[in-house]
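We count ligands from 1, going down the list as the structure has it; atoms in each ligand are counted the same way. We're numbering straight along the sequence, starting at 1. What you see below is based on every heavy atom in this structure, not just the backbone, and it leaves out hydrogens, waters and symmetry mates.
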Amino acid sequence: MGSGFRHALVIGASSGIGEAIARCLAADGTRVALIARRADELERITGEINAAAGEERALFRVHDVADTDEAPGLMQEIARALGGLDLVVYAAGLMHPVAFDEFDPVKDLEMLRVNLEGAVAWLDPVAERFSRLGSGTIVGIGSVAGDRGRSGNPAYCTSKAGLHAYLEALRNRVARDGVTIVTIKPGFVDTAMTRGLDGLFWLISADRAAEIILRHARRGSVSAYVPARWRLVMAVIRCIPSFIFRRLKV
Ligand SMILES: NC(=O)c1ccc[n+]([C@@H]2O[C@H](COP(=O)([O-])OP(=O)(O)OC[C@H]3O[C@@H](n4cnc5c(N)ncnc54)[C@H](OP(=O)(O)O)[C@@H]3O)[C@@H](O)[C@H]2O)c1
């Protein structure tokens, strides 16, 4: 089955979930552009995609999402190079390990910059373009971590909670113009971000996550936990009163 998308852009595609989404899309015949900072990884992945496709199906651009001024111009350049744009996935993300007694604004602000500011810098111009053209799908990769203020990593939770609110507000703005915005909240996925962390459960592969995420993108889901069993867990966690939640070291 084809992906249902003809021209896609994946931001944060040099590893993990973004890489798996880009590979999955290309395998289904979608022309795809990959963005991240690591040129060597992007070159290797696009080379493998193009070799498997037997044509130039993937291209890449090196970009740091903290360079927010570059986003609108790069989006236009990529849309031209691909021959169109009907899907944009924002998968770029950063989760610094933070000790329980650590209060480091440098680390925290960097997470906010990559996970939230970068998303706004990219998805505002994308939403405007899709709105003007009357179609298009945006997928934002949030996290179950955005559903509560966890003591273990305050800024990471904040960046994801902010992303969820931003995506919802953007959806409410552009849905009437024919634009679909999908909020994805993964649980634990086996990527560089989770490698070496303790206490992981229900770990799924990046390929499995990509498959589920693209199914929701095709369907035009509003919001989805990945995998779906997190919906029930998070419904319970969201109901835990604050005076109990603060005693849990999560
Ligand atoms: N793994 C999990 O269990 C899990 C759970 C919930 C949500 N998520 C979310 O899923 C998304 C993907 O994470 P992952 O697990 O696939 O981790 P990952 O393998 O570390 O991938 C992160 C991606 O973001 C890119 N990135 C980071 N900083 C960037 C920057 N300044 N500019 C441009 N690109 C940047 C990285 O590329 P470069 O380093 O090459 O720039 C890489 O492609 C993130 O938003 C993460 O928060 C992950």
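At distances below 3.5 Å, at least one donor-acceptor pair connects side-chain atoms of T191 with backbone N or O atoms of M193.
Judged by the 6.0 Å distance and 45° axis criteria, R218 is not positioned over the aromatic ring of F5.
Under the 4.5 Å side-chain criterion, counting only non-hydrogen atoms from C-beta, I141 is not in contact with L163.
For ligand 1, the protein residues within 4.0 angstrom (heavy atoms only) are G12, A13, S14, S15, G16, I17, A36, R37, R38, H63, D64, V65, A91, A92, G93, V114, I141, G142, S143, Y156, K160, P186, G187, F188, V189, T191, A192, M193, T194.
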Please list every donor-acceptor pair under 3.5 Å in which a side-chain atom of residues 169-183 meets a protein atom from a residue at least two apart or in another chain.
residue	atom	partner	partner atom	Å
R171	NE	I181	O	2.8
R171	NH2	I181	O	3.1
R171	NH2	T183	OG1	2.8
R171	NH2	V222	O	2.8
N172	ND2	E168	O	3.3
R176	NH2	N172	O	3.4
D177	OD2	S131	OG	2.5

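Listed by chain and residue number, R57 satisfy the salt bridge (charged side-chain N to carboxylate O under 4.0 Å, His left out) test with E55 (two or more places apart in sequence, or in another chain).
Note on residues 137-196: pairs passing ring pair (Phe, Tyr, Trp, His ring centres under 6.0 Å), not counting sequence neighbours, are F188-F201, F188-W230.
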